[in-house]
Amino acid sequence: YEWGMAYASVVISGKEKRQNSGKSQVISLVEAKVMQAEESYKDLFATAMNLSETTNFTAGTDAAGKPYADYWQGLPILINDEVGDAAANAGAGLTVGGIDSAANAFWRSKVYDGAATTGDFGAAGLNTGELVRKAIRTGINESSDSGTDRVDAAFTDLRVFEGVEDSFLPQVRYQDTNAANKGFDTVRVSKVTLYWDFGTLANTVFGVNSKYLSLVGHKDAWFKNSGFTSNPVDSTYSGGASVGGVRDAQYSLITSQGQLTTRNRRRHFRINNIVDPFV
């Protein structure tokens with residue numbers, strides 16, 4: 001696996017520093033700025049963990065000039081088969097962690113197509129929460145290879161989550177108390193907790209066996225804070241345009257070098273192209 005890079009900056013202008021000093025200080029400026037950086041990091045990792053195959057398998061750089069090689073490999077890349085989602089680039093999902101899944105069947109996740117007519121679940125496709133729930137159950141069972149080594153969490157978008165949740169309402173027995181106490185809204189399918197996140201690919205479910213999924217951080221650069229610069233920030237470039245001069249500010253850079261990895265792709269599953277809207 002190639003290393004991915006992530007950065008968050010804490011910038012304090014001279015004006016802010018002077019306004020929030022001494023007895024007139026209303027809040028801890030540093031604490032507030034660090035909190036902002038933490039929120040940025042949350043958004044960054046939520047995006048990274050759901051990075052599409054199309055982005056990961058694109059050569060060159062993005063619009064900001066950042067090499068795609070610096071990107072993180074998210075669930076859509078790690079949980080896939082030899083072909084990948086038909087909507088992604090041709091060949092997406094082939095080589096992951098240096099192993100070509102086209103030539104190695106053991107390196108393919110269980111992938112299902114929920115589309116109408118052409119999918120794996122009949123002419124109507126997965127167009128109700130109950131059908132999605134049954135498909136998740138199938139994914140859990142088949143990715144376990146009939147054993148006890150099973151998926152222990154599943155992730156989807158809000159729309160699909162609510163459809164599955166609605167299918168449980170007549171039974172009123174769906175809440176995972178531990179997850180609820182941590183601030184997550186969840187339902188359980190075959191004893192597996194289903195979570196939702198705004199960053200998850202639309203109309204998709206990812207089933208994860210956490211035993212084989214790891215977030216690896218470099219020992220020398222894992223949420224490492226550089227400390228604040230002692231000199232004002234050189235703002236020769238701003239937004240790609242030269243502005244010249246020196247800005248009255250100081251900054252601290254929080255750096256993370258790591259990667260999301262899996263060591264057993266076939267123990268995860270994925271359901272694509274769930275029909276929307278539910279009926």
Side-chain angles (χ1 to χ4, degrees), residues 42 45-50 74-81 85 108-115 119-122 124-215 260-279:
K42 289 179 184 179
F45 273 102
T47 299
M49 296 306 103
N50 291 284
L75 297 182
I77 295 145
L78 300 182
I79 303 178
N80 216 325
D81 57 15
D85 190 336
R108 303 172 191 169
S109 305
K110 294 291 184 180
V111 179
Y112 307 91
D113 188 351
D120 299 318
F121 301 98
L126 298 181
N127 63 349
T128 70
E130 182 178 1
L131 290 176
V132 173
R133 178 158 51 91
K134 291 179 178 179
I136 293 174
R137 182 183 62 191
T138 297
I140 293 169
N141 291 334
E142 292 192 348
S143 62
S144 72
D145 289 348
S146 302
T148 58
D149 195 3
R150 301 166 67 83
V151 162
D152 51 14
F155 301 87
T156 189
D157 64 21
L158 177 58
R159 177 68 171 160
V160 174
F161 176 88
E162 289 179 341
V164 175
E165 184 180 41
D166 286 345
S167 73
F168 275 111
L169 289 180
Q171 302 172 53
V172 195
R173 57 172 182 79
Y174 58 87
Q175 190 67 39
D176 178 343
T177 304
N178 289 333
N181 289 337
K182 296 176 183 177
F184 295 99
D185 293 323
T186 66
V187 297
R188 289 175 66 83
V189 179
S190 296
K191 299 182 180 180
V192 171
T193 302
L194 176 67
Y195 301 90
W196 70 270
D197 188 271
F198 285 121
T200 304
L201 293 183
N203 305 320
T204 307
V205 174
F206 295 100
V208 173
N209 186 324
S210 61
K211 179 179 178 180
Y212 302 110
L213 193 74
S214 300
L215 181 60
L260 185 66
T261 69
T262 184
R263 59 188 178 92
N264 195 341
R265 291 182 92 200
R266 75 173 185 267
R267 291 293 189 230
H268 313 295
F269 76 85
R270 172 176 178 162
I271 303 172
N272 295 320
N273 305 316
I274 295 170
V275 178
D276 190 24
F278 292 119
V279 295

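Note that these values count all heavy atoms, side chains included, but never hydrogens, waters or copies made by symmetry.
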Does E130 have any side-chain contact (heavy atoms from CB on, under 4.5 Å) partners at least two apart in sequence or in another chain, and if so, which?
T128, R133, K134, S167

If you compare all heavy atoms of K211 against all heavy atoms of R263, which two are closest, and at what distance to 0.1 Å?
O-NH2, 3.4 Å

With rounding to the nearest 0.5 Å, note down the distance linking CG in N273 to OG1 in T204.
7.0 Å

Distance from L213 atom CG to L260 atom CG, nearest 0.5 Å?
4.5 Å

Tell me which pairs pass ring pair (Phe, Tyr, Trp, His ring centres under 6.0 Å) where either residue lies in residues 128-158, with sequence neighbours left out.
F155-Y195

Testing the basics here: between V208 and L75, what is the closest heavy-atom pair and its distance to 0.1 Å?
CG2-CD2, 4.3 Å

Tell me every residue that passes side chain to side chain donor-acceptor pair (under 3.5 Å) with N141, counting only those two or more places apart in sequence or in another chain.
R150

Compare every heavy atom of I271 with every heavy atom of I136, then report the nearest pair and how far apart it is.
N-CD1, 3.8 Å

Tell me every residue that passes side-chain contact (heavy atoms from CB on, under 4.5 Å) with F121, counting only those two or more places apart in sequence or in another chain.
Y112, L126, A135

Do D157 and N203 pass the side-chain contact (heavy atoms from CB on, under 4.5 Å) test, and can you show the C-alpha distance, the side-chain angles, and the key distance before you say yes or no?
CA-CA 7 Å; D157 64 21; N203 305 320; 4.2 Å; yes

Quick one: does R270's side chain have a donor or acceptor within less than 3.5 Å of a partner on I79's backbone?
yes

Those residues that, when tested against S143, pass side-chain contact (heavy atoms from CB on, under 4.5 Å) (two or more places apart):
K110, V151, F269

Atom pair OG/NE2 of S210 and H268 - distance to nearest 0.5 Å:
9.0 Å

Using the test ring pair (Phe, Tyr, Trp, His ring centres under 6.0 Å), find all partners of F45 that sit at least two apart in sequence or belong to another chain.
Y41, W72, F223

Any donor-acceptor pair under 3.5 Å linking the side chain of S109 with the backbone of R265?
yes

So how far is it from N209 CG to D149 CG, rounded to the nearest 0.5 Å?
5.0 Å

Distance from N80 atom CG to L78 atom CG, nearest 0.5 Å?
9.5 Å

Which heavy-atom pair separates A46 from D197 by the least distance, and what is that distance?
CB-OD1, 4.4 Å

Check L158 against F198 and note the closest heavy-atom contact, atom names and distance.
CD2-CE2, 4.1 Å

N272 side chain to D113 backbone, donor-acceptor under 3.5 Å
no

How long is the straight-line distance from CD of E165 back to CH2 of W196, given to the nearest 0.5 Å?
10.5 Å

Donor-acceptor contact present, side-chain T262 to main-chain Y212, <3.5 Å:
yes

